[in-house]
Colleague: 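Input: one structure, supplied below.
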Number of protein chains: 2
Amino acid sequence: MIKPLPTRERLIDIAGDIFGREGFKAATVRKIAEEANANIAAVNYHFRDKEGLYRAVLEDIFSKAFQRFPSVPPPEAAADPEKRLHFFIRAMFYRFLSREGWGGLSGQGKLIAREFLNPTPAFDNIVETYIRPQKNILSAIVSDVSGGKLDPDRIISCAVSIIGQCIYYTFAAPIIEKIAENLAPVEENLDFLSDHVFRFSLGGIQRIVNTLHENNGFARQEAQP
Amino acid sequence: MIKPLPTRERLIDIAGDIFGREGFKAATVRKIAEEANANIAAVNYHFRDKEGLYRAVLEDIFSKAFQRFPSVPPPEAAADPEKRLHFFIRAMFYRFLSREGWGGLSGQGKLIAREFLNPTPAFDNIVETYIRPQKNILSAIVSDVSGGKLDPDRIISCAVSIIGQCIYYTFAAPIIEKIAENLAPVEENLDFLSDHVFRFSLGGIQRIVNTLHENNGFARQEAQP
DNA sequence: ATATGAATAAAACATTTGTTTGAAACAGTC
DNA sequence: GACTGTTTCAAACAAATGTTTTATTCATAT
């Protein structure tokens, strides 16, 4: 027998989905309340106002997903750098796209993408609590994978390249589905995708290391109309 | 002496910025009209309704940027595959982030990002007219760079990895600025960024080619809680 | 100069939407 | 069983917003 969630929790779940799909402004409390089988006034009662609900959703989304899919393997599995990189990438894909992550109630992944685009004040906390630590973890991994040969700027560049690939799949899923059906970032493809991004990134990092001596002015040789 | 733009054009310019910054729903025709020094009714007069204005903005944004920054070098510069890849990546960065591209009136880049997240019906045209050809151009380049060794699925995967990196910089600019100040995707960094993504991607493609024999089940060896 | 059609302007209209209110239902405690 | 604090509910409110209407101005060709 499944115990029904209390109103407050139902609101947070549904709101995560609707806010994600439609954006903060376009999502209406009426629709959220209706789909959660709650009264319109419930939002104001439990969360003071629409923005309060949004804040609660944001916190809920991040805390759950990072608990379910941490970025670092358990300490006893003291993995070598490449394995750690692979683990990190796969965790990211599952967090973003799996049913148990933000893909299941599939508005939530989009909600985060929206925050990246236009961070609301409510996101400041999240950046410090969740995102910055991720940056540090990944930077350490990249540094190790490169054998300590990269300077901080290049480490970050590589980290952004890696995260960019992962997030792009979430973010652009609707378009990717349109023009490359086979690769749609759905549950069954997550292992394939993680594996691809892992290999691609490994090659990328190594190439950056190997071409460290080349100056960065290469670009300027070519004509750009 | 600079001739002032007619109302219709002013509306499109301003609307591109405001739609991008705030999203379709949150952007109000009142604000758009006011900032364009036009009457509220001008939107309905020139574009029938708010959505008509949006459609006009979308078409305007894409046609201008692909004209200004094409993805393919002029034919007389029959470049080798790697140069073409570099050219493609740099065009993409400049299109998205330069002042002359969508970064100048800086809401426009965001507007496109929003369309990726939640394509509106108006975007169908754009996908077919602009995006799908881009996919084909890049696929051909990747295929050539790999020496023709990659199957279609892997070619697309690599193409998505490349585009993902470029778009992520646009898309996540606000966050990147927060946690990695040096790399902010601003005008002065575009060459550095293009160069980085170019090298990283070249290494990525080559690694995918070199590890073609490895099965894709690697991921499944590791534990995921 | 005048007639004609396009463009602009101000005001009004009809909805939508976040929030508030006050009463009713409910749960637990003395 | 009465009391108290919490939660739910329906109705009403006030602000905002896309659109329409009607009148006026502007440009141009006859």
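So that the names make sense, note that chain A is the first sequence line, chain B the second, and so on, each numbered from 1. Just so you know, these numbers use all the heavy atoms, side chains as well, and skip hydrogens, waters and symmetry mates.
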Colleague: Can you measure Lys50(B) atom NZ to dG18(D) atom P for me and round it to whole angstrom units?
Modeller: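 Result: 4 Å.
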Colleague: It should be established whether Thr7(A) places a side-chain nitrogen or oxygen under 4.0 Å from OP1 or OP2 of nucleotide dT7(D).
Modeller: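 No, Thr7(A) has no side-chain N/O under 4.0 Å of OP1/OP2 on dT7(D).
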Colleague: Whole-Å distance between dT21(C) P and Tyr45(A) OH?
Modeller: 15 Å
Colleague: Rounded to the Å, how far apart are Asp49(B) CG and dA14(C) C1'?
Modeller: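 Going from CG in Asp49(B) over to C1' in dA14(C) covers 16 Å.
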Colleague: Give one of base, sugar-phosphate or nothing for Ala27(A), where a contact means two heavy atoms less than 4.0 Å apart.
Modeller: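 The answer is sugar-phosphate, as Ala27(A) gets under 4.0 Å only of primed atoms, P, OP1 or OP2.
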Colleague: Examine dA16(D): is either OP1 or OP2 under 4.0 Å from a nitrogen or oxygen in the side chain of Thr28(B)? Give yes or no.
Modeller: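 So the side chain of Thr28(B) is outside the cut-off, no N or O lying under 4.0 Å from OP1 or OP2 of dA16(D).
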Colleague: In whole angstrom, give the distance that lies between atom CD of Glu34(A) and atom P of dG18(C).
Modeller: 13 Å
Colleague: Cation over ring, Arg90(B) on Phe198(B), under 6.0 Å and within 45°?
Modeller: no
Colleague: Do Phe123(B) and Ile175(A) come close enough that some side-chain heavy atom pair is under 4.5 Å?
Modeller: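 They are in contact (side-chain heavy atoms under 4.5 Å apart), so the answer is yes.
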Colleague: Answer with base, sugar-phosphate or nothing: what part of the nucleic acid does Lys31(A) contact at a heavy-atom distance below 4.0 Å?
Modeller: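 Counting heavy atoms under 4.0 Å across all strands, no contact is made by Lys31(A).
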Colleague: DNA chain C: Ile40(B) or Arg10(B), which has the more 5' nearest nucleotide?
Modeller: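 Whichever sits nearer the 5' end wins; that is Arg10(B).
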Colleague: In whole Å, what is the span from the CG atom of Leu11(A) to the P atom of dG18(C)?
Modeller: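 Distance check: Leu11(A) CG to dG18(C) P gives 14 Å.
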Colleague: State which of dT19(D), dA7(C), dA10(C) makes the closest approach to the side chain of Ala41(B).
Modeller: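 Of the options given, the side chain of Ala41(B) lies nearest dA10(C).
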Colleague: Roughly, in whole Å, what's the span from CZ in Phe24(A) to P in dT17(C)?
Modeller: 13 Å
Colleague: Between atom CG in Asn37(B) and atom P in dA7(C), what is the gap in whole Å?
Modeller: 18 Å
Colleague: Glu9(B) CD to dA7(C) C1': how many Å, rounded?
Modeller: 14 Å
Colleague: Starting at the 5' end of DNA chain D, which residue's closest nucleotide do you reach first, Lys25(A) or His46(A)?
Modeller: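 Its nearest nucleotide lies further toward 5', so the answer is His46(A).
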Colleague: Name the closest nucleotide to the Asn39(A) side chain, picking from dA10(D), dT6(D), dA7(C).
Modeller: dA10(D)
Colleague: Can you tell me which nucleotide in dT20(D), dT19(C), dA9(C) comes closest to the side chain of Asn44(B)?
Modeller: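 Closest nucleotide to the Asn44(B) side chain: dT20(D).
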Colleague: Tell me whether the NZ or CZ atom of Arg55(B) lies within the 45° cone about the ring axis of Phe47(B) and under 6.0 Å from its centre.
Modeller: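 Judged by the rule, Arg55(B) and Phe47(B) form no cation-pi pair.
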Colleague: Got more than 12 heavy atoms from elsewhere within 6.0 Å of CD, Glu128(A)?
Modeller: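 Enclosed: over 12 neighbouring heavy atoms sit under 6.0 Å from CD of Glu128(A).
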Colleague: Do the two ring centres, one from Phe19(B) and one from Tyr54(B), sit under 6.0 Å apart?
Modeller: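 So the answer is yes for these two rings.
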Colleague: Determine the contact category for Ala42(B): base if any of its heavy atoms lies under 4.0 Å from a base atom, sugar-phosphate if only primed atoms, P, OP1 or OP2 are that close, otherwise nothing.
Modeller: nothing
Colleague: In terms of side-chain heavy atoms of Arg30(B), which of dT17(C), dT17(D), dA7(C) is nearest?
Modeller: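 Nearest listed nucleotide: dT17(D).
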